Each structure stands twice: as C-alpha cells, then as structure tokens.
Amino acid sequence: MIEIDQITKTYGTVNAVDAVSMTVETGSITVIVGTSGSGKTTLLRMINRLEEPTSGEVRINGTSTSTVKPHLLRRRIGYAIQGHGLFPHHTVARNIGAVPELLKWSRDEINARVDELLALFSMDPAEFRDRFPAELSGGQQQRVGVARALASRPDLLLMDEPFGALDPIIRTRAQEDLRHIQRKLGSTIMLVTHDMEEAISLGDRVAVMDGGKLVQYAPPAEIISRPATDFVANMVGDVERPLRLLSLISVAEIIEPGEADGEALPETASLRDALSACLWTGCDALPATRGGTVVGRVTLKAIRARAGAHE
Amino acid sequence: MMGIRTHLSPPGLLFAILGLAALLAPFMTLAANRIVAGDGIVAWRVAGPAITVPGVAAVMIGLAMGLVATWTRLRLLGAVFGLAGLLWLLSRSAPILLTQAGEYARVSPAAGFWCLLVIFMLLMADALAALKPGPFMRAVLLFAVLAALVLVLHSGLLSDLSVLQEFSSRRDAFFTEFQRHLGLAFGSLAAAALIGFPLGILCHHRAGLQGATLPVLSFLQTIPSLAMFGLMIPILGWVGNTVPGAQAIGIAGIGFAPAFLALLLYSLLPVVGNTVAGLAATPPAALEAARGMGMTPRQRLLRVELPLGLPIILTGLRIVLVQNIGLAVIAGLIGGGGFGTFVFQGLNQTATDLILLGALPTVVLALTAAILMDTLVELTRRIPEETA
Ligand SMILES: Nc1ncnc2c1ncn2[C@@H]1O[C@H](COP(=O)(O)OP(=O)(O)OP(=O)(O)O)[C@@H](O)[C@H]1O
Ligand SMILES: [Mg+2]
C-alpha cells in the first residue's frame, strides 16, 4: 500500500503539486490524469524521490520513503521515464538488463529476462536484442523503455506517459499487455497520462489533477457518472459520457432470456460494442453467447436503460 | 571534350599543374660546406640522363595517373610511383653530385623536392580518403608508411644527404633527444590527464568551481609559448633554490622540469574543457533514467556520462598530444631536451640541415599522433547517434 500524505512541491512561488493525499492499494492500477503542467510528473517523481517533496511524505507499506537511501529505494521501484530515456550507447538488451545488472543478477538470468520481455512486447529477441536505440522506431523505443522498467519485476511501477508514442492499435495492445502482466504478477502500478480514455480503460482508480491539486480520486465509473468538478466533467467530455460509461459494462450484466436474429455478441464485449452493433445492423436485439453458445439476447432498450442509470 | 573533362579528378589536375611547376624549381642543393648557402640544381641536371630520364619520367607518369577520377586505385598507384621516382632521383644523384664537389661538400633536397613530396603525399591521402578505409585499416596503412620510411632510411640509400650526415654524426644524441621529446610530450599529457580528468569531473558537478577554473586555464593558454617557457626559468629556479630537496629531484630553472611544467600548463585547458563538455553532452533523459533506476552518482559517471562523453574527451587528448609534440621543440631553448635541441643548435650555427634534423622528425611524430588519435576517437564514436 502506498500512502501519499499531504505532499507538496513548490518551485519558486508556484505549487507544482499542492497538498496531494491519496492511498494506492497494493496490486492495483492507478492512473493519474490531467492537462499539461498539472503536476503529474512531479507527483510521480516524488514517490521514488527523484524530487524531494517540499512538505509531506510518502509511505510504502508503512515505511516512510525518506528513511531509505534514494538509490536503494529507486532500485525497488520500476520507473519508465516520460520520453524513453534509453541509453544511446547500450544495446536494447543492455538497456533492458540495466536494473537487473545493478541488482547483480547472473548473466543467464538477465539474458533470459531480456528475451522474455522483448517477446512480451512483440519484438523478436533475435532481431532486436543487439540493436542500439537509434536503430528503433519511436514506438519500439518506448516499448523498450517500459520493458526496462519491468525488468527486475518490481512490486511498484511508476510509468510516465508510457504509451504516448504508440499508434492506436499497438497502444491498445500494449495497454492490454500491461493489464495482463499486472494481473499475473500482482504488481502495483501508477501511470501518468493526459488521455482520459486511457485512464478510464486502464485504471482501477483514476486520479484527476488540475493545477497541482488532486480534484478527484475515484474508480472510473464514478469519475464518469459523478465528476467532482466542472474540470473533471470537461476532461471526461459531457457528450460522450454515456458512451464511456457503456464501455465499462460488459454484455454479461444485461443478458436476458429470449431469442434474436443477427450476428451474436460474446458476453465479454462491452455495452458500447453492443450498442454499436445494434445501430450498425439496425436490429433492436442481438443474440449473446457464452463460450460460443447462445445464452440469451441483449436489447437496445436494456442498453439505453443502463446508459441512463447514473443520470 | 565534356566526356574527358568529367573523368578528370579536380585535385589530381591541381596536383599535376603544381607538380610540373615544382619540377622547374631546384630539386637539390649542393653546398661547399654545411654552413654556406648552396646552389640549386633542377631535377634533370642532378645526374646523367641514365638517372634523370627514368626519375623525371616516373614523377610525370605519377602525376598523370593522379588525373584519372574514376579509378582511385590508379591514383594511389600514381602516388606510389611518383614517390619512388623522387627516391630514385635523390638516392642516385646524391653520390654523383658529391664526387664532383669538394671534401666538405653537402647535398640536400631543395624546394622542388619538398614540394613534389608534399604533392604526392596529398595525392596519396586524397586517393586513400576516397577508398574510405576503416579505422583499423588506417592504422595499418600508417604503420606501413612508417615502416617504409624507416626501411628507406635504414637502407643507406639516402645516407649521402646532408640531414642524414648530421644524423650519423649525432646518432646517439638523436635517440636520446627522441626519447626526451617523447617523454616531454607524453609525460605532460599523462600528467595533464591525471590532473585534468578529476578536475573536469569536479567542475562538471560544481558550477562554481567551473566558473573559476576554466577562465584561469584559458588565460594560461593565451600566454605565448616563448614567454611561458621563459617564465618557468625564474619560478622554478626560485623553487629549486628555496624548497629543500627540490633540487635533488631535478627541479631547477632550466632543464626538463620547467619545460615539462610549461607543457603541462598548456595541456590543462583542452583536457579539463573537453572533459566538462563531454560530460555535459549526456542526453538529459538518459541521465534522468539512470537516476530513476537507482544508479549511484559514481555508477552514473562510469556507465553513462563517461562512455557517452568519451569521443569528446579523447578529442581533448588529441589536441594536447599534437600540440605538445610541436611545443616541446621550444623546450630545447631552456635545456629541456628533445628535438628542439637540434633546432636551436642549428639556428645558432645557421646550419639548416641541423634544424631539419630536429624539425622533420617532429612533423612525422605529430602527424602519426594525430592519425592514431583520430582513429581512436572514431572507434569510440561507433555507437549510432541518437536520432529522436
Ligand atoms: N525543475 C522545475 N523547476 C521549476 N518548475 C518546474 C520544474 N519541474 C516542473 N516545474 C513546473 O511544475 C509544473 C508541473 O510540471 P510537471 O512536469 O509535473 O507537469 P505534467 O503534469 O507532468 O505535464 P506534462 O503532461 O506536460 O508532462 C509545471 O508548471 C512546470 O513548469
Ligand atoms: Mg509530465
């Protein structure tokens, strides 16, 4: 558990981060979202003490970070820097293996881990292992940067706009991969983005920052249905709010008995997908399947009811 | 007409024109003794036709081969051919010229020879550059050229030339001063590196220290070299006389110590300045990532900053080495030894050959050092540059 307690960072007269308090549960993904200059990076960097807070403190599992030597603290925390910050003079393999090397893993262990991570990010180890960062595309550089942060299997992972340079398709894939890895390893992730869409689809909880202040810290559904301030509502986008909400609910929740014609939807699809399919095919109802067999149907009416439920 | 013109190498054309002009200049000088000025003799008069015709022809064919733009290897061959022609003319004519003259007579290469030598070396460099040899290949080529030079000098082919006569009468002194020269240049380089690296690293971390150090070192750099060597005499003389034990370890107003110190002072700015610049060239994001993953300041320095700054740091050492090989000549003036000893003796006696005995090896040494250091810098630059 990470407790951020009244943490403030002042540059000159400006509070880049202003008395932020929040608690992050172990094994969850927290996404910090906000406009440019709202203090997201600064907040993140105070957790691994790249920036010393002007006041307040951070406790990891009850221990204040100020009692640990900074470099030892940082070796336990994965950090994917905004941009990618790869070492231009080291190969991809050495970049990814940097923290394990600091932690004195054996050569074989490091090599195995490097190949495992490259494969995980859909980069053929044989092809990419010995390349230099300059010989990669921007998206590949960024994936290597994230792989480097994951290398030593840290319990806590700080990621500063890790998917910024990826195209939408790879981005969705990378988000799914990250989710998958996180679920498997049970790691705690704090991720910074300025993309509300990403925050909602990825976060167990979303922290919205504005001008250094934490304006709302809640699960995605709550952020959408009950934005704390106009700023949050703006970030979510009023018009799309029902759609965003639907994208968080799966078909399984509203399956009702009955039959329908048309292309079947798996129960794991979101209501947003279901709505889209209904509109596209012109049907009022579509069959829903579980494990390939039809178990009922989804109706436009039910979808509409859920979309309005929070109003 | 257009077709032919496009096949001409522009530098080759320039070399050919300059080379033909140089052929008209005196090729060798014959003097009655080592002090007086001699008479110049053009290339086709240095000996009988049996010697001059093939020699001059080789030079002209070499120049002509250098004209072909499309065939680099032919140009390279032309340079070798021309150089062989020069060597032939020089080695064959020297004994003949001497037998016709008096007992103390001296022959030496004259302006025409030196110009042609430079022209063929430039032609060779031009052709080699077009072949783009890798760093290792360049080192190999350098050693091949040096080996050829040593072989020619050792063979006695040129032993009738006045410079080599000066050499043979001073063989032991030559090698002593050679060692001294290397000692001065490399010793001061090593000392400058020993002081300059830590100082540069400190400056990198403390802006205040950097602000104080670099201007002082820059000021030292602006002191004219003769003045600097002159200044060392009273300063070290005073130290030698007042500090107990100083004289025992060789600290005195004249000799090795003041020359060494003067060179060291000149070396500090390039070493410290380039160390600071090299360390500052690290991409900020890479440094930030290094900090973020828990590297200690020492690990950041050794694993990130130094390797990334190495080409710039080595460039500083290259500047120092080449500069000190040249400057060490002035050590001869204050009894510091080195090739400067011959230069200044020669100046005193107005014996040009003696001056050359000091100057020529200095030039060869400086060129060799420059090429080797360039190769080294390039090897450390092999990492692809960041494009993002
Ligand atoms: N070292 C610094 N010195 C002075 N001001 C700083 C410093 N670092 C950040 N700031 C200021 O603090 C504020 C917050 O910066 P921060 O980098 O945390 O923003 P961010 O939310 O990460 O923005 P972005 O989305 O553009 O990355 C900005 O106004 C910035 O100008
Ligand atoms: Mg930021």
Side-chain angles (χ1 to χ4, degrees), chain A residues 41 44-45 47-51 68-92 94-103 130-142 144-146 148-152 154 157-160 165, chain B residues 134-135 197 200-201 204-207 274-318 373-388:
Chain A
T41 297
L44 205 64
R45 285 159 52 89
I47 294 168
N48 64 2
R49 289 183 66 191
L50 279 173
E51 220 59 86
V68 188
K69 282 215 179 73
H71 68 273
L72 297 179
L73 176 74
R74 291 180 202 135
R75 282 182 199 172
R76 287 181 5 215
I77 302 178
Y79 179 51
I81 185 176
Q82 192 167 0
H84 54 78
L86 295 178
F87 300 137
H89 59 306
H90 285 173
T91 59
V92 164
R94 265 203 87 180
N95 265 291
I96 296 179
V99 183
E101 197 182 318
L102 287 177
L103 296 173
D130 298 319
R131 290 214 198 163
F132 285 94
E135 298 163 344
L136 302 177
S137 76
Q140 290 165 343
Q141 289 172 340
Q142 206 163 30
V144 173
V146 174
R148 179 171 68 176
L150 289 167
S152 64
L157 204 57
L158 308 177
M159 313 179 95
D160 200 343
Chain B
F197 286 154
I201 291 169
H204 174 63
H205 289 295
R206 282 179 237 279
N274 279 50
T275 304
V276 170
L279 294 179
T282 320
L287 207 55
E288 192 60 19
R291 230 155 70 79
M293 70 176 59
M295 287 196 191
T296 59
R298 196 187 147 82
Q299 287 169 329
R300 291 205 294 273
L301 182 71
L302 292 178
R303 297 180 188 206
V304 182
E305 291 170 302
L306 277 179
L308 282 173
L310 201 59
I312 302 181
I313 295 172
L314 282 181
T315 306
L317 290 190
R318 176 205 185 278
M373 289 299 287
D374 279 342
T375 307
L376 207 59
V377 170
E378 189 165 321
L379 279 180
T380 60
R381 251 193 233 282
R382 303 243 100 183
I383 321 135
E385 306 265 319
E386 185 81 13
T387 45

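Keep in mind it's a predicted model, so treat the numbers as computed, not measured. Numbers restart at 1 for each chain; the letters A, B, ... are given by sequence-line order, proteins then strands. Basis for what follows: all heavy atoms, side chains included, without hydrogens, waters or symmetry-related copies.
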Side chain, backbone, both or neither of R45(A) within contact of chain B (heavy atoms, under 4.5 Å): side chain
Examine whether an atom of I81(A) lies under 4.5 Å from a heavy atom of chain B, and if so say whether it belongs to the side chain, the backbone or both; otherwise answer neither. side chain
In terms of side-chain heavy atoms, does T41(A) have a donor or acceptor partner in D160(A) at a distance below 3.5 Å? yes
L308(B) to P88(A) - nearest heavy-atom pair and separation: CD2-CG, 3.8 Å
At their closest point, which heavy atom of V304(B) faces which heavy atom of M295(B), and how far apart are they? CG2-SD, 4.2 Å
I need the residue from K69(A), R49(A), R148(A), R76(A) with the largest number of non-hydrogen atom pairs under 4.5 Å to chain B. R148(A)
Supply the atom-to-atom distance T296(B) OG1 to R75(A) CZ, rounded to the nearest 0.5 angstrom. 6.5 Å
Which of P284(B), A290(B), A286(B), A289(B) touches chain A most, by non-hydrogen pairs under 4.5 Å: A286(B)
